[in-house]
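Sequence positions, counted from 1, serve as the residue numbers for this chain. For clarity, every value in this text was computed on a predicted model and none was experimentally measured. Atoms within each ligand, like the ligands themselves, are counted from 1 in listed order.
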Amino acid sequence: MQHHFDILIVGGGLAGNCLALALKDSGMQIAIIEAQTRKQLYASPIGDRALALAAGTVNMLDALSIWEGVADKATAINNIHISDQGHFGKTRLSAQQQGLSSLGYVISARDIEDHVAHLVEQSAITRFCPARVVGVMAGQDAIHVSLKEHENSINLTASLLVGADGGNSSVRKLLDIPQQISDYGQTALVATVHSSLAHQNTAYERFTPHGPLALLPSADNQSAVVWTRNHQDAESLMSGGEADYLRQLQDCFGYKLGVLSLASVRRAFPLSLIKAQSMISQRAVIIGNAAHQLHPVAGQGFNLGLRDVAQLAEILLNQYQNQQDLGDPQLLAEYAAIRQKDHDKTIGFTDNLIKIFSSDWLALAAARNTGLLMLDHLPWAKNILVKHATGMAERLPRVGRKR
Ligand SMILES: Cc1cc2nc3c(=O)[nH]c(=O)nc-3n(C[C@H](O)[C@H](O)[C@H](O)COP(=O)(O)OP(=O)(O)OC[C@H]3O[C@@H](n4cnc5c(N)ncnc54)[C@H](O)[C@@H]3O)c2cc1C
């Protein structure tokens, strides 16, 4: 069995698997360590969440030859409607007005996660699965990684370790990277609803005194609901009957889509912002949710994670072609410096959105109401918002065959 790899990736979720696929044709020796089998991941209730993918994300997935396998399972977002419950202010963004074919897409997390896992399985990438990382020690020339696969202990070395093992990252802990946790005291309630009126590819984002509510257009005239409530409300909405849940949902959302009925079970995801204080350590880097777990209100988590993947792949491919050390501290520092700006901007945008729209303070409510009204009449301001919503405000790194 091979024991040394150029790159060892811990975590075969979207971030880890997309990175492996971005590097797979480079000649690098790559291995992925994943704790759960594909069957377990597919069956996990976590897969029930819907992901809103920015247009920039879809371009990157396309360049990595991932999108073509899931495009028929995705629904285009052609319009976004943002409103504030109990206030006049609202704004609408339209792909057509912006000269775009769409503002993004909605896809079930399970569909895209399973597809990338399938592509990795078909490739020459080595997989340790189900296996867990239990120890990490960085040395001068390589990083040493111990894992448990079934009852076996395996010791591996690599030029670079990539932690892509999610919000509760073991790699982050083993590397002693401190983290900052902000508990929003909120839970996201996720479900799929059917509506009596057609959604016409419109995504709705509605800010309410109880928390933000999003309805994202999905296949078969269904919409994916992401409803954020405080823990207590969420618990009572989960334990109450379906009729009570639908009545309260309809009260919050109104009748823009007619009468709503449940098309799935309800799931609850407690929310917190987890931010690692550093993205890098000696011969190691953390990406995706391992580096930043965001509130889903703005649908930015995976979009941000994929930009980590693309940037890391770009600098690693370049370094490998130049036959330079993949764990060079200067290279890792360069990566972290490039990514920091995007992290700060995206995390700040999401955090501010929650704070501004959860405030009951009258002056703030008036300001955001005026803001939404003004935005609706200012084409240049809308252009800026669209650029952020579609991920086009960022410089997209060059990866994959189609670029
Ligand atoms: C309700 C909700 C709605 C969301 N909506 C959106 C949205 O609309 N748009 C968007 O862009 N994002 C959204 N997100 C965020 C998005 O789901 C995440 O950002 C993304 O899935 C994170 O991917 P990841 O690969 O970084 O981490 P994960 O998906 O957590 O993957 C980590 C992997 O590592 C494995 N692992 C963990 N520990 C170990 C270990 N010790 N050893 C080996 N393997 C290990 C796990 O089994 C897992 O497979 C949403 C999230 C939630 C909760």
Side-chain angles (χ1 to χ4, degrees), residues 8-20 31-38 40-42 44-54 56-58 60-61 77 104-110 112-114 116-117 120 127-136 145-149 161-174 186-191 203 205 212 214-216 218 224-228 234 266-274 276 286-309 346 350 389 391:
L8 260 183
I9 302 170
V10 183
L14 284 174
N17 279 342
C18 286
L19 178 67
I32 291 201
I33 301 160
E34 167 55 46
Q36 298 186 72
T37 62
R38 194 169 148 210
Q40 284 171 326
L41 285 170
Y42 193 84
S44 165
I46 297 171
D48 282 343
R49 70 203 189 282
L51 299 180
L53 305 180
T57 298
V58 173
M60 281 191 259
L61 293 172
I77 301 174
Y105 285 84
V106 180
I107 190 161
S108 118
R110 180 173 288 113
I112 186 161
E113 283 172 341
D114 191 56
V116 291
V120 168
R127 291 179 81 242
F128 294 93
C129 180
R132 283 195 161 270
V133 169
V134 290
V136 171
V145 177
S146 325
L147 50 124
K148 275 252 175 222
E149 192 179 37
L161 173 70
V162 180
D165 51 344
N168 197 22
S169 169
S170 303
V171 172
R172 187 179 62 215
K173 288 174 203 153
L174 290 166
Q186 293 176 336
T187 295
L189 297 175
V190 167
E205 184 79 55
L215 265 77
L216 307 171
S218 303
V225 178
V226 186
W227 193 8
T228 309
R266 293 162 280 167
R267 301 272 185 217
F269 295 82
L271 302 175
S272 53
L273 165 67
I274 303 177
I286 52 173
I287 61 168
N289 270 30
H292 44 71
Q293 180 180 286
L294 274 61
H295 192 297
V297 63
Q300 295 288 327
F302 172 56
N303 292 304
L304 183 62
L306 191 66
R307 297 202 289 274
D308 292 347
V309 167
T346 309
T350 303

To the nearest 0.5 Å, how far apart are CG in L304 and CD in Q293?
12.5 Å
Taking D165 for its side chain and S170 for its backbone only, find out whether a donor-acceptor pair lies under 3.5 Å.
yes
Note: R49, heavy atoms under 4.0 Å from ligand 1, region reported as side chain
With heavy atoms of L14 as the reference, note each atom of ligand 1 found under 4.0 Å away.
25 (O)
To the nearest 0.5 angstrom, please state how far the CG atom of L306 sits from the CG atom of L19.
10.0 Å
Nitrogen or oxygen atoms of G167 and ligand 1 under 3.5 Å apart:
no
Side chain to side chain contact (heavy atoms under 4.5 Å, CB included), that's the test. Do T346 and N303 meet it? Break it down for me.
CA-CA 10 Å; T346 309; N303 292 304; over 6 Å; no
Do T57 and L51 pass the side chain to side chain contact (heavy atoms under 4.5 Å, CB included) test, and can you show the C-alpha distance, the side-chain angles, and the key distance before you say yes or no?
CA-CA 11 Å; T57 298; L51 299 180; over 6 Å; no
Roughly how far apart are I112 CD1 and C18 SG, rounded to 0.5 Å?
6.5 Å
Please give me the minimum heavy-atom distance between A15 and V309, naming the atom from each residue.
O-CG2, 3.5 Å
Got a second to check how far S272's OG is from H295's NE2, nearest 0.5 Å?
10.0 Å
Going by heavy atoms, is A109 under 4.0 Å from ligand 1?
no
Can you check which of A268, A131, G305 brings a heavy atom nearest to atom 43 (C) of ligand 1?
A131
Is the contact between Q293 and ligand 1 made by the side chain, the backbone, both, or neither, using heavy atoms and a 4.0 Å cut-off?
neither
Atom 48 (C) of ligand 1 has as its nearest protein heavy atom E34 OE1, 3.5 Å
Have a look at V133, T228, I33, L51 and point out the one with the heavy atom closest to atom 13 (C) of ligand 1.
L51
Check each of D308, I9, I286 against V162 using the side chain to side chain contact (heavy atoms under 4.5 Å, CB included) test, and report the only one that passes.
I9
Part of S169 with heavy atoms under 4.0 Å of ligand 1, whether side chain, backbone, both or neither
neither
Only heavy atoms count here, so choose which of G301, G166, G13, P270 is nearest to atom 27 (O) of ligand 1.
G166
A290, portion touching ligand 1 at heavy-atom distance under 4.0 Å:
neither
Can you name the nearest heavy-atom pair linking I287 to A164, along with the distance?
CG1-CB, 3.8 Å
Which of the ligand 1 atoms, numbered from 1, are nearer than 4.0 Å to a heavy atom of L41
49 (O)
Apply side chain to side chain contact (heavy atoms under 4.5 Å, CB included) to residues E113 and L41 and explain how you reach the verdict.
CA-CA 8 Å; E113 283 172 341; L41 285 170; over 6 Å; no
Taking 4.0 Å as the limit for heavy-atom contacts, which would you say applies to V10 with ligand 1: side chain only, backbone only, both, or neither?
side chain
Would you say L53 has any N or O atom under 3.5 Å from an N or O of ligand 1, going by distance alone?
no
Top protein contact for atom 40 (C) of ligand 1, by heavy-atom distance:
R132 NH1, 3.7 Å
Of all protein heavy atoms, the one nearest atom 44 (N) of ligand 1 is A35 N, 3.2 Å
In terms of residue, atom name and distance, what is the protein heavy atom nearest to atom 25 (O) of ligand 1?
A15 N, 2.9 Å
Ligand 1 atoms nearer than 4.0 angstrom to some heavy atom of S170 are 41 (N)
Quick one: does R127's side chain have a donor or acceptor within less than 3.5 Å of a partner on I32's backbone?
no
Side-chain donor or acceptor of N17 paired with backbone N/O of G12 under 3.5 Å
yes
Can you report which non-hydrogen protein atom sits closest to atom 26 (O) of ligand 1, along with the distance?
N289 N, 2.9 Å
Can you tell me which residue and heavy atom of the protein come closest to atom 11 (O) of ligand 1, and the distance to 0.1 Å?
F302 N, 2.9 Å
Rounding to 0.5 Å, atoms CD1 (I46) and CZ (F269) come to a distance of 6.5 Å
Have a look at ligand 1 and work out which part of A50, if any, has a heavy atom under 4.0 Å from it: side chain, backbone, both or neither.
backbone
Which ligand 1 atoms are under 4.0 Å away from a heavy-atom of G288?
26 (O)
Answer with side chain, backbone, both or neither: which part of V171 has a heavy atom less than 4.0 angstrom from an atom of ligand 1?
neither
Q300 heavy atoms within 4.0 Å reach ligand 1 at atoms 11 (O)
Region of P296 engaging ligand 1 - heavy atom pairs below 4.0 Å
side chain
List the closest protein heavy-atom neighbour of atom 37 (C) of ligand 1: residue, atom name, distance to the nearest 0.1 Å.
D165 O, 3.4 Å
Among all protein non-hydrogen atoms, which one is nearest to atom 29 (O) of ligand 1, and what is the separation to 0.1 Å?
E113 OE2, 4.2 Å
Does A52, backbone or side chain, put an N or O under 3.5 Å from an N or O of ligand 1?
yes
Return yes or no for this condition: an N or O of F269 is under 3.5 Å from an N or O of ligand 1.
no
Are any of the N/O atoms in G16 less than 3.5 Å from those in ligand 1?
no
Euclidean distance, L294 CG relative to N289 CG, rounded to 0.5 Å
8.0 Å
Q40 and A35: which non-hydrogen atoms are nearest, and at how many Å?
OE1-O, 4.4 Å
Is there a donor-acceptor contact under 3.5 Å from the side chain of R172 to the main chain of G167?
yes
Considering only heavy atoms, does V190 approach ligand 1 within less than 4.0 Å through its side chain, its backbone, both, or neither?
side chain
